[in-house]
K.L.:
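Just passing along the structure, written as structure tokens.
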Amino acid sequence: MRTAIVYASKHGTTEKVARQIQQQLGEDKAQLFNLKNNPKFDLSHFEQVIVGGSIHAGQIQKRVKDYLQKNIPELLEKRLGLFLCCMHEEEADNQFKNAYPEVLRNHATAKKVVGGEFRFDRMNFFERAIVKKIAGISESVTKIDASKIQEFVEEMKNGNELQKPTR
Ligand SMILES: Cc1cc2nc3c(=O)[nH]c(=O)nc-3n(C[C@H](O)[C@H](O)[C@H](O)COP(=O)(O)O)c2cc1C
């Protein structure tokens with residue numbers, strides 16, 4: 001089964017996770033699409049689509065929101081996985097719900113919050129100041145949850161066969 005992994009990443013963490021998912025699915029079976037370089041692409045050859053993004057100031061990237069809104073009918077025809085990178089654990093479930101439209105959350109075979117990172121080397125002055133103030137952190141930390149990524153991939157591999165939506 002061929003998989004498209006569609007993502008946006010501000011400081012590279014979602015991209016890192018997307019690459020790990022690609023490796024676990026098999027590089028010959030999964031292709032990466034960065035929404036920054038590739039806003040339009042043809043998914044007709046992919047049976048599975050995975051969408052990933054990250055939370056900044058409570059919101060997923062606008063690129064991901066716009067992509068999902070424009071492509072809901074096509075995504076409902078595919079086996080779907082949704083993952084999210086973020087650092088505020090207590091807010092993770094709410095942020096996930098807010099990030100992904102209900103109709104896609106209900107349709108998805110696998111849904112996971114996979115942790116995240118604060119990468120001070122990639123942040124600008126304002127981002128550093130915000131993270132210091134809100135999270136009280138002033139150096140890089142990695143909290144990517146490898147077990148959640150593995151569970152996500154297993155669910156994508158083993159999930160139910162696609163049920164085509166009835167019209
Ligand atoms: C300026 C800034 C604001 C952030 N705001 C939130 C937030 O509101 N909630 C949260 O859970 N994580 C927040 N994060 C953490 C990011 O989701 C985390 O750094 C993530 O790994 C970024 O992934 P990316 O590099 O792929 O964009 C924020 C990070 C930065 C730098």
Side-chain angles (χ1 to χ4, degrees), residues 3-27 30-41 43 46 48-71 75 78 80-102 104-106 108-156:
T3 306
I5 305 173
V6 178
Y7 68 93
S9 184
K10 196 153 188 202
H11 299 136
T13 301
T14 311
E15 180 161 79
K16 205 187 265 185
V17 172
R19 287 188 191 285
Q20 289 179 15
I21 292 170
Q22 181 193 32
Q23 276 170 6
Q24 291 182 30
L25 286 170
E27 290 196 23
Q31 194 174 336
L32 295 172
F33 294 95
N34 185 343
L35 285 168
K36 193 171 178 185
N37 313 324
N38 237 336
K40 284 189 183 153
F41 34 79
L43 293 183
F46 296 91
Q48 258 188 180
V49 180
I50 290 171
V51 180
S54 57
I55 299 290
H56 293 263
Q59 299 295 319
I60 197 165
Q61 290 95 331
K62 187 172 180 302
R63 279 196 177 94
V64 180
K65 272 224 142 125
D66 290 350
Y67 171 77
L68 294 171
Q69 279 306 332
K70 284 187 191 133
N71 292 283
L75 292 171
K78 311 280 183 189
L80 182 67
L82 302 171
F83 76 90
L84 185 68
C85 292
C86 67
M87 288 297 270
H88 193 347
E89 283 168 30
E90 298 82 66
E91 279 303 313
D93 289 346
N94 281 338
Q95 291 178 155
F96 188 96
K97 272 190 197 152
N98 182 38
Y100 292 114
E102 187 178 10
L104 294 179
R105 282 188 273 117
N106 290 340
T109 298
K111 294 173 272 193
K112 291 274 180 250
V113 177
V114 296
E117 297 177 303
F118 284 125
R119 299 179 75 172
F120 271 75
D121 52 320
R122 301 279 183 103
M123 290 180 205
N124 64 31
F125 175 81
F126 296 104
E127 290 168 337
R128 281 184 195 156
I130 290 167
V131 171
K132 269 185 204 166
K133 189 162 183 229
I134 294 180
I137 286 171
S138 49
E139 51 187 50
S140 293
V141 278
T142 296
K143 285 172 80 178
I144 297 175
D145 190 334
S147 64
K148 287 273 185 280
I149 296 174
Q150 205 177 344
E151 280 172 29
F152 179 84
V153 171
E154 289 306 316
E155 288 172 23
M156 286 307 288

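Order of appearance sets the numbers: ligands from 1, and atoms from 1 within every ligand.
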K.L.:
If I take atom CD1 from residue Ile50 and atom NZ from residue Lys112, how far apart are they, to the nearest 0.5 angstrom?
P.N.:
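NZ of Lys112 is found 12.5 Å from CD1 of Ile50.
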
K.L.:
Go through ligand 1 atom by atom and flag the ones less than 4.0 Å from a non-hydrogen atom of Cys85.
P.N.:
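Matching atoms, with element in brackets: 17 (O).
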
K.L.:
What do you reckon, are the aromatic ring centroids of Phe46 and Phe33 less than 6.0 Å apart?
P.N.:
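Phe46 vs Phe33: aromatic centres under 6.0 Å.
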
K.L.:
Only heavy atoms count here, so choose which of Gly58, Cys86, Ala57 is nearest to atom 5 (N) of ligand 1.
P.N.:
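Nearest heavy atom to atom 5 (N) of ligand 1 lies in Ala57.
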
K.L.:
For the NZ atom of Lys40 and the NZ atom of Lys70, what is their distance to the nearest 0.5 Å?
P.N.:
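Between atom NZ of Lys40 and atom NZ of Lys70 there are 7.5 Å.
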
K.L.:
Under a 3.5 Å distance rule, please check whether Tyr7 uses its side chain to pair with a backbone N or O of Val64 as donor and acceptor.
P.N.:
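Looks like no, no N/O pair under 3.5 Å.
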
K.L.:
Considering only heavy atoms of Ser54, which atoms of ligand 1 have at least one such atom less than 4.0 Å away?
P.N.:
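It comes down to these atoms of ligand 1: 22 (C), 23 (O), 24 (P), 26 (O), 27 (O).
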
K.L.:
Before signing off on this row, confirm whether Glu127 and ligand 1 have an N or O atom pair separated by under 3.5 Å.
P.N.:
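No; every N/O pair is 3.5 Å or more apart.
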
K.L.:
Closest non-hydrogen protein atom to atom 30 (C) of ligand 1, residue and atom name please, with distance?
P.N.:
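Here the nearest protein heavy atom works out to His56 ND1, 3.6 Å.
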
K.L.:
Looking at ligand 1, is there an atom of it that comes within less than 4.0 Å of some heavy atom belonging to Glu91?
P.N.:
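Heavy atoms of Glu91 never come under 4.0 Å of ligand 1.
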
K.L.:
Which residue and atom name correspond to the protein heavy atom nearest atom 29 (C) of ligand 1, and how close is it?
P.N.:
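Answer for atom 29 (C) of ligand 1: Phe118 CE2, 3.6 Å.
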
K.L.:
Pull out every atom of ligand 1 sitting under 4.0 Å from any heavy atom of Gly116, numbered as shown with elements.
P.N.:
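Every atom of ligand 1 under 4.0 Å from some heavy atom of Gly116: 21 (O).
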
K.L.:
Which of the atoms of ligand 1 are close to Gly12, meaning less than 4.0 Å from one of its heavy atoms?
P.N.:
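Those qualifying, in numeric order: 25 (O).
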
K.L.:
Flag the pair Lys16 / Arg19 as yes when at least one side-chain heavy-atom distance between them is below 4.5 Å, and no otherwise.
P.N.:
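No - every pair of side-chain heavy atoms lies 4.5 Å or more apart.
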
K.L.:
Pull out every atom of ligand 1 sitting under 4.0 Å from any heavy atom of Thr14, numbered as shown with elements.
P.N.:
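What qualifies from ligand 1 is 23 (O), 24 (P), 26 (O).
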
K.L.:
Identify the residue among His11, Lys132, Arg122, Arg119 that makes a side chain to side chain donor-acceptor pair (under 3.5 Å) with Glu127.
P.N.:
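Only one option passes, and that is His11.
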
K.L.:
Do me a favour and list the nearest non-hydrogen protein atom to atom 25 (O) of ligand 1 with residue, atom name and distance?
P.N.:
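Going atom by atom, the protein heavy atom closest to atom 25 (O) of ligand 1 ends up being His11 N, 2.7 Å.
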
K.L.:
Can you tell me how far the CD1 atom of Ile60 sits from the CD atom of Gln95, to the nearest 0.5 Å?
P.N.:
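Here the interatomic distance stands at 10.0 Å.
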
K.L.:
Can you pull out the closest protein heavy atom to atom 28 (C) of ligand 1? Residue, atom name and distance to 0.1 Å, please.
P.N.:
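Checked against all protein heavy atoms, atom 28 (C) of ligand 1 sits closest to Ile55 O, 3.6 Å.
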
K.L.:
For the backbone of Asn94 and the side chain of Asn98, can you confirm whether one donor and one acceptor N or O come within less than 3.5 Å of each other?
P.N.:
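Not confirmed, Asn98 side chain does not pair with Asn94 backbone.
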
K.L.:
Between CZ of Phe96 and CZ of Phe83, what distance do you get to the nearest 0.5 Å?
P.N.:
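If I round to the nearest 0.5 Å, the distance is 10.5 Å.
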
K.L.:
Which ligand 1 atoms, with their elements, are less than 4.0 angstrom from a heavy-atom of Val131?
P.N.:
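Per the distance check, 30 (C), 31 (C).
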
K.L.:
Please work out, at 4.0 Å between heavy atoms, whether the side chain, the backbone, both, or neither of Gln95 comes within that distance of ligand 1.
P.N.:
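The side chain, only.
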
K.L.:
Would you indicate which of Lys10, His88, Lys16 comes nearest to atom 11 (O) of ligand 1 when only heavy atoms are counted?
P.N.:
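Looking at heavy atoms only, the winner is His88.
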
K.L.:
Roughly how far, to the nearest 0.5 Å, is CG of Leu84 from NZ of Lys111?
P.N.:
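Between atom NZ of Lys111 and atom CG of Leu84 there are 13.0 Å.
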
K.L.:
How does Ala92 reach ligand 1, by side chain, by backbone, by both or by neither, if only non-hydrogen atoms under 4.0 Å count?
P.N.:
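Neither; nothing of Ala92 gets under 4.0 Å from ligand 1.
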
K.L.:
What's the separation between atom CD1 in Ile5 and atom CD in Glu15, rounded to the nearest 0.5 Å?
P.N.:
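The distance works out to 11.0 Å.
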
K.L.:
Pick whichever of Glu15, Met87, Glu117 has a heavy atom sitting closest to atom 19 (O) of ligand 1.
P.N.:
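The option holding the nearest heavy atom is Glu117.
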
